[in-house]
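Working notes for the structure below.
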Number of protein chains: 2
Amino acid sequence: MEGFLADIHDVAKLAGVSIKTVSRVINHEQGVREITRARVQKAIDKLQYTPHIGARLMRSSKSNLIGLISSTISTVSRDPVKSGLSSIHIVSGIQQYCRKANKTLLIIDTEPDEEDIKSSIDIFRSHQVEGIFHILNYHHQVSPLQYSDTPFWIVNGYSNSQTAAVVPDDYHGQKLAVEYLLQQGHTRIGYIGLSTSIEAGKLRLKGFQETIQQYDLPYDLMLTELGIKNASDNSFSLLHEALDKLLKHASPPTAICFGNDEMALQAIPILEKRGLNIPDDISIMGYDNDFATAAAARPKLTTVSLPYQRMGQIAAENLLRQLQDPDAESKFEDYPIKVKGEVVVRESVRALSSIKIASKKII
Amino acid sequence: MEGFLADIHDVAKLAGVSIKTVSRVINHEQGVREITRARVQKAIDKLQYTPHIGARLMRSSKSNLIGLISSTISTVSRDPVKSGLSSIHIVSGIQQYCRKANKTLLIIDTEPDEEDIKSSIDIFRSHQVEGIFHILNYHHQVSPLQYSDTPFWIVNGYSNSQTAAVVPDDYHGQKLAVEYLLQQGHTRIGYIGLSTSIEAGKLRLKGFQETIQQYDLPYDLMLTELGIKNASDNSFSLLHEALDKLLKHASPPTAICFGNDEMALQAIPILEKRGLNIPDDISIMGYDNDFATAAAARPKLTTVSLPYQRMGQIAAENLLRQLQDPDAESKFEDYPIKVKGEVVVRESVRALSSIKIASKKII
DNA sequence: TGTCTAAATGACAAGGTTGTCATTTTTTCA
DNA sequence: TGAAAAAATGACAACCTTGTCATTTAGACA
């Protein structure tokens with residue numbers, strides 16, 4: 001039995017049926033009597049028979065393979081500290097569903113470069129994948145690629161309204177953050193956001209602004225500082241300046257929303273050096289719920305979650321549905337699908353119990 | 001041209017050669033005149049021909065696929081905070097080499113359960129992978145699995161001396177940590193380690209003990225506290241107790257080595273609450289160089305790196321070599337291969353300049 | 001130029017599966 | 001019980017490539 005691989009003929013012989021019947025059994029086709037099926041199955045088990053993917057691929061196009069393009073892993077090695085490592089949660093979500101559906105993930109991790117992505121798609125095509133996920137490291141728009149008729153889903157970004165895509169609802173998340181602070185009694189809320197050149201920055205700012213307006217908070221208290229692109233070392237002084245402005249304001253904020261957890265983390269020592277205790281003197285909120293950062297910070301960060309895993313699940317759910325019945329109308333009129341996150345309460349926000357909450361306007 | 005896929009016959013026809021010659025060109029076989037090769041290549045380009053993997057698989061078993069089993073992603077979703085997320089750096093290292101060699105990674109992320117792993121191997125077998133990596137979330141021993149003759153490498157763990165495997169050299173790393181502290185003038189060094197029931201705990205303790213001995217540090221100053229299994233919430237009180245014992249010692253340590261970064265991180269507030277400033281009053285070292293943790297801590301943690309990426313690279317390098325020439329003798333007499341990490345200097349260790357360094361014993 | 005050798009190219013089978021369609025077996029119902 | 005219908009099963013081609021070995025072409029040398 002050393003190195004011996006049984007093929008469908010061996011199974012057929014052992015079971016005393018034709019190869020076609022064996023084929024029917026392994027593909028769960030109907031029209032096989034239970035007694036025959038059992039006999040064949042027994043032979044399959046005995047011979048440890050596995051269908052030869054190559055041969056199968058030649059006849060059908062059922063590869064049971066789903067392609068996944070990401071750049072998480074490549075990025076990790078270049079910038080281990082930052083990087084879109086958390087987008088692995090997207091993969092996690094996809095993974096769960098694919099396993100249930102007995103699909104194997106073919107993962108190509110590549111530079112987030114259009115050429116590389118195209119060649120990845122080519123590789124997928126040659127492996128006859130049944131569907132493709134394209135995972136982005138951060139929420140942004142990409143140019144549409146023309147593919148074959150293979151279902152294609154972008155996760156954590158979008159292309160155009162025809163291209164299936166799932167994104168986080170950054171607008172809604174920032175709104176939730178403000179509403180949470182309101183519930184805790186804060187009415188003077190500062191905002192130090194991401195650059196509005198990226199999607200998340202734009203949407204979160206909008207969510208912040210509109211919520212402030214909606215709740216009739218005095219508009220001149222909206223302390224907004226932009227231009228902080230990312231929480232990398234070189235923008236550290238920008239963060240300094242922004243905090244400076246906010247705190248020197250005539251009536252400074254009792255709470256500040258930061259563009260992401262990383263920024264909030266960096267702000268902590270700056271604030272403390274000014275003698276401000278968090279959350280006693282000032283509350284802060286992050287965004288992303290970047291586990292490592294948010295939980296490692298002291299105090300632990302109250303933040304808004306980026307529903308990465310859920311996004312992955314939603315994309316997978318839909319793609320697998322498409323696979324099962326390709327003609328079904330899409331539920332969605334246009335893309336991207338927006339997925340809502342939620343406030344994750346930890347320690348960095350204090351309740352100002354003395355202050356009354358502004359009544360909510362009717363939208 | 002809609003949906004039309006050219007096959008080798010189309011190319012041959014267009015180029016005016018036989019299919020075999022086309023086959024030679026796409027497989028870079030020798031024995032084709034340059035002029036012929038060019039003509040064929042032109043036809044290939046024109047028709048956007050891609051060889052059909054299925055058909056190719058049936059004849060040659062060259063799938064260009066490498067299987068990778070991990071449980072990183074699955075684990076992430078269960079325990080986002082801890083989890084072996086950093087083992088993704090192993091994948092990163094493997095990825096680099098595989099891309100260079102034009103191999104595509106087939107990643108199956110599964111529970112770290114023997115049954116699941118076996119079935120993953122079966123899937124890989126049916127896809128004709130050319131080699132398999134098995135990535136463990138933490139350094140430990142696994143029972144050997146009998147596979148086909150496909151090259152199989154375990155990374156971050158080992159099985160038996162015949163099974164190819166790569167592990168971090170925990171013994172050496174802890175030794176480096178102690179030597180670094182010695183260089184900084186510390187001679188009273190405490191140790192609060194991982195449980196010795198896991199490999200890393202065992203080896204690091206040994207590294208610590210033997211180095212202490214080797215440098216003739218008074219043995220009764222070796223303050224060792226064990227039994228801290230992991231830095232999860234429920235062992236928090238254990239960490240408290242351990243620190244208590246160390247600090248109440250007649251001549252307390254000027255530096256403490258912790259079992260990992262997570263533990264060191266948790267120790268910081270405990271130490272500070274006792275009025276000890278880090279590193280002015282006491283120096284601390286972590287282990288793992290868990291980027292998020294070590295860099296997010298304040299002060300940033302001086303630690304020892306777990307050479308995950310390098311381990312991945314080494315495994316990949318060797319597996320790919322095996323693939324290229326299967327008969328070559330292995331360079332290694334027995335496994336696992338040990339890969340050394342290094343001290344990563346950040347902020348949590350202070351130099352005690354006043355104290356002379358013990359002279360190094362000859363080994 | 002003709003012969004011999006080496007290099008280049010081609011013809012054809014084989015590989016393991018599924019789709020099509022034919023055949024056999026079982027079931028249904030008069 | 002027998003004929004018709006339905007269900008189960010089987011025979012065989014086709015899928016696209018590469019390996020083997022045969023044939024043709026180009027090159028070397030007398």
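Remember, it's a predicted structure, so these values are computed and weren't measured experimentally. Numbered from 1 within each chain, the chains take letters A, B, ... in sequence-line order.
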Original post:
Taking the nucleotide of DNA chain D with the closest heavy atom to each, which residue, Ile19(B) or Arg24(B), is nearer the 5' end?
Top reply: Ile19(B)

For the pair made of [atom1] in [X] and [atom2] in [N], what is the distance, rounded to whole Å?
X: Ile8(B); N: dC15(D); atom1: CD1; atom2: P; value: 15 Å
X: Lys20(A); N: dA8(D); atom1: NZ; atom2: C1'; value: 13 Å
X: Ile35(A); N: dA7(D); atom1: CD1; atom2: C1'; value: 15 Å
X: Arg56(A); N: dA14(D); atom1: CZ; atom2: P; value: 22 Å
X: Asn27(B); N: dG19(D); atom1: CG; atom2: P; value: 7 Å
X: Arg37(A); N: dA7(D); atom1: CZ; atom2: P; value: 15 Å
X: Glu29(A); N: dA8(D); atom1: CD; atom2: P; value: 13 Å

Original post:
Just how far is it from atom CD1 of Ile314(A) to atom CG of Leu319(A), taken to the nearest 0.5 Å?
Top reply: 13.5 Å

Subject >> Pairwise 5' ranking along DNA chain C for Pro51(A) and Gln30(B), keeping only the more 5' one >> reply: Gln30(B)

**OP:** Between Ile26(A) and Arg33(B), just flag the one whose closest nucleotide in DNA chain C comes earlier from the 5' side.
**Re:** Arg33(B)

Checking [Y] against [X]: is there a side-chain donor and acceptor pair closer than 3.5 Å?
X: Asp116(A); Y: Ser119(A); result: no
X: Gln96(A); Y: Gln313(A); result: yes
X: Glu114(A); Y: Ser143(A); result: yes
X: Ser70(B); Y: Asp109(B); result: yes
X: Asn318(A); Y: Gln322(A); result: no
X: Thr110(B); Y: Ser120(B); result: no
X: Asn156(B); Y: Tyr138(B); result: no

Subject >> Sugar-phosphate, base or nothing in reach of Ile53(A), heavy atoms under 4.0 Å >> reply: nothing

Original post:
Hey, what bend do you get for the helix from dT1(C)-dA30(D) to dA30(C)-dT1(D) if you fit axes on five pairs at each end, rounded to 10°?
Top reply: 30°

**OP:** Provide the start and end nucleotides, 5' to 3', of the part of DNA chain C that has atoms under 4.0 Å from heavy atoms of chain A.
**Re:** dG16(C) to dT26(C)

Subject >> Thr150(A) versus Val129(A), closest heavy-atom pair with distance >> reply: CG2-O, 3.8 Å

